[in-house]
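This one's a predicted model, so the numbers in the text were calculated from it and none came from an experiment. For reference, positions follow the sequence shown, starting with 1.
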Amino acid sequence: MKNVYCIGELLIDFVAEKQGKQLISASVFTKKAGGAPANVACAISRLGGHSAFVGCVGNDPFGSFLLQILKNEGVDISAVQRSPVFTTLAFVSLAEEGERDFVFSRGADRELEYSPAVQKAFKGNMIHLGAATALLGGALEKSYARYLEDALEQKAFISFDPNYRSDLWHNNEAIFIKKCMPYIEKAILCKFSKEEATLISGKTNLREACEFMHHLGTKVVLVTLGPDGTFVSTPDTSFTVPSIKVNAVDTTGAGDAFIGCILHQVSSLSHPADTIGDENELWAMVERANKAGAFTTMRFGAIESLPFQKDLDQFA
């Protein structure tokens, strides 16, 4: 089984205790571990895979809390850096239907410095690039780009998730789109929400959006559609895998659980870059990953809601 190196942000989510409220009405918050790439690393580990997180947290109690969470989840944290800059924070409130209202207070995640030692670990393994904060400039963006080149040089399997957050880009969507392009060109697998797929491609039709992504270079495109399932596309075929109907209370981490489950399954393949395009295998992988995403929405919080293998086996 291959190791999956998840690169990007690790942060504190302060989640409003009284659900069904927007942030403007929230007054009491609960501290949770967050950050999409870190969530993916935990999802892989919970399913029995081997994952490592590459990122930066503050040299403060919040940073220590986050590292302890990842360590407890079985994630390799040997490549995590500490910074005198304060740990990144996000304040999150959940509307009645479980959708998020949130703002970021950026800190240490942007301070990640490139480490040549990480490059050697990529050989024969996989990397997952989650871009929620990674394309916003600073040391993190530079390191992020270098790790992409390292992964290509080491012939690693590359996965990319743009993790678009409108609050972070403040109407600079064109810059976001431009910065995503090199990663879509080089990644074997890309995961998008419907909003991300249409935003980046400029196409309203999902098939056309995916064709745009394939033309850029990516081999497999997965577009999560929430309760409507997942649209799957390769250069040769496309289809929609239905999801499981659940009573969602919190969608936080559902997409991370989904891609984590996909990457865990891919990590067990002998030659993933050559075999992941098989239609039957993709259907089975996505069907199981849809379960992981749906399962996560039935509880509050991201990491603590991620499924173990036994949960997916028992989940109808």
Side-chain angles (χ1 to χ4, degrees), residues 4-13 32-44 51 53-56 66 88-92 99-107 109-110 112 126-138 140-141 143-145 147-148 158-170 172-187 189-201 209 213 218 221-226 230 250-263 289 292-293 296-297 302-303 306:
V4 185
Y5 290 81
C6 300
I7 306 173
E9 80 278 5
L10 174 59
L11 51 83
I12 296 286
D13 280 329
K32 300 283 187 180
N39 293 341
V40 173
C42 291
I44 294 166
S51 65
F53 177 73
V54 182
C56 185
L66 291 169
T88 298
L89 309 177
F91 294 85
V92 186
E99 290 299 322
R100 296 167 295 176
D101 178 23
F102 59 95
V103 294
F104 280 84
S105 177
R106 282 203 80 194
D109 78 280
R110 67 186 170 202
L112 179 68
M126 302 168 59
I127 71 164
H128 174 68
L129 297 154
T133 66
L135 303 179
L136 291 168
L140 171 59
E141 183 171 0
S143 300
Y144 197 75
Y147 285 134
L148 173 65
I158 300 170
S159 164
F160 176 66
D161 184 344
N163 292 127
Y164 175 69
R165 304 286 186 264
S166 59
D167 180 70
L168 295 180
W169 289 95
H170 301 293
N172 289 318
E173 289 88 355
I175 297 174
F176 169 78
I177 293 168
K178 182 179 179 180
K179 289 188 174 185
C180 283
M181 293 301 174
Y183 298 91
I184 299 171
E185 290 172 2
K186 304 300 184 183
L189 168 69
C190 287
K191 177 261 176 191
F192 304 95
S193 66
K194 185 177 181 180
E195 176 191 16
E196 291 164 344
T198 56
L199 172 67
I200 293 171
S201 68
M213 306 301 181
T218 192
V221 177
L222 306 177
V223 183
T224 54
L225 306 172
T230 301
D250 182 4
T251 61
T252 305
D256 303 328
F258 172 88
I259 190 61
C261 187
I262 289 289
L263 294 175
T296 304
T297 67
I303 292 175
L306 296 168

Checklist line | Considering all heavy atoms, the nearest Ala257-Ala43 contact | finding: CA-CB, 4.2 Å

Next item on the list: Apply side-chain hydrogen bond (donor to acceptor under 3.5 Å, both in side chains) to Asn163 and list each qualifying residue two or more places apart in sequence or on a separate chain.
Entry: Asp161

Checklist line | Any residue meeting ring-ring contact (aromatic ring centres under 6.0 Å, His included) with Tyr183, in chain and number order, not counting sequence neighbours | finding: Tyr144, Phe160

Item checked: Distance, nearest 0.5 Å, that separates CD1 of Ile44 from CG of Leu263 -> 5.0 Å

Check: Between Ala302 and Gly253, what is the shortest heavy-atom contact and its length?
Finding: CB-CA, 4.2 Å

Checklist line | Distance-minimising heavy-atom pair for Met213 and Ala197 | finding: CE-O, 3.7 Å

Next item on the list: Please identify each residue that fulfils side-chain hydrogen bond (donor to acceptor under 3.5 Å, both in side chains) with Glu173, with sequence neighbours left out.
Entry: Tyr164

Checklist line | For Ala33, all residues meeting side chain to side chain contact (heavy atoms under 4.5 Å, CB included), sequence neighbours excluded | finding: Phe65, Leu66, Ile69, Ile303

Next item on the list: Would you indicate whether the side-chain heavy atoms of Trp169 and Leu136 approach each other to under 4.5 Å?
Entry: yes

Note to self: Rounded at 0.5 Å granularity, tell me how far OG1 in Thr88 sits from CG in Asp13.
What the structure shows: 11.0 Å

Notebook entry, point to check: Should Phe192 and Ile184 be marked as a side-chain contact (heavy atoms from CB on, under 4.5 Å) after you check the CA-CA gap, both sets of side-chain angles, and the distance that decides it?
Noted result: CA-CA 11 Å; Phe192 304 95; Ile184 299 171; 4.1 Å; yes

Check: Looking at Val40 and Cys6, what are the two nearest heavy atoms and their distance?
Finding: CG1-SG, 3.9 Å

Notebook entry, point to check: Taking C-beta and beyond as the side chain, do Cys56 and Leu140 meet within less than 4.5 Å on heavy atoms?
Noted result: no

Check: Can you list the residues that meet the salt bridge (charged side-chain N to carboxylate O under 4.0 Å, His left out) rule with Arg110, with sequence neighbours excluded?
Finding: none

Notebook entry, point to check: Can you name the closest pair of heavy atoms from Ile200 and Met181 and give their distance?
Noted result: O-CE, 3.9 Å

Item checked: Qualifying residues under salt bridge (charged side-chain N to carboxylate O under 4.0 Å, His left out), relative to Lys179, sequence neighbours excluded -> Glu141

Notebook entry, point to check: Are the side chain of Thr296 and the backbone N or O of Ala254 linked by a donor-acceptor pair below 3.5 Å?
Noted result: no

Notebook entry, point to check: Is there side-chain contact between Lys191 and Ile262, with at least one heavy-atom pair below 4.5 Å?
Noted result: no

Check: Counting N and O atoms only, with roles assigned by atom type, does the side chain of Glu9 sit under 3.5 Å from a partner on the main chain of Pro37, one being a donor and the other an acceptor?
Finding: no

Next item on the list: Sequence neighbours left out, what passes side-chain hydrogen bond (donor to acceptor under 3.5 Å, both in side chains) with Thr198? Give chain and number order.
Entry: none

Check: Taking atom OH of Tyr147 and atom CD1 of Ile127, what is their separation to the nearest 0.5 Å?
Finding: 10.5 Å

Next item on the list: Return the minimal non-hydrogen interatomic distance between Gly8 and Phe53, and the atom names on each side.
Entry: O-CZ, 3.4 Å

Item checked: For Thr218, side-chain hydrogen bond (donor to acceptor under 3.5 Å, both in side chains) partners two or more places apart -> none

Next item on the list: Give every residue pair that meets the salt bridge (Lys or Arg N to Asp or Glu O under 4.0 Å) criterion with at least one member in residues 32-41, sequence neighbours excluded.
Entry: Lys32-Glu304

Notebook entry, point to check: Could you give the distance from CG (Leu168) to OG1 (Thr133), rounded to the nearest 0.5 Å?
Noted result: 7.5 Å

Checklist line | Whether Thr224 side chain and Gly255 backbone form a donor-acceptor pair below 3.5 Å | finding: no

Checklist line | Inter-residue atom distance Leu11.CG - Ser105.OG, 0.5 Å rounding | finding: 10.5 Å

Next item on the list: Go through the structure and list residues passing salt bridge (charged side-chain N to carboxylate O under 4.0 Å, His left out) with Asp256, not counting sequence neighbours.
Entry: none

Note to self: Using the ring-ring contact (aromatic ring centres under 6.0 Å, His included) criterion, which residues pair with Phe91? Sequence neighbours excluded.
What the structure shows: Phe14, Phe29

Checklist line | Under the side chain to side chain contact (heavy atoms under 4.5 Å, CB included) test, residues paired with Leu225 that sit two or more places apart | finding: Lys194, Leu206, Val223, Asp228, Phe231

Notebook entry, point to check: Going from CG on Asn39 to CD1 on Ile259, what distance comes out if it is rounded to the nearest 0.5 angstrom?
Noted result: 13.0 Å

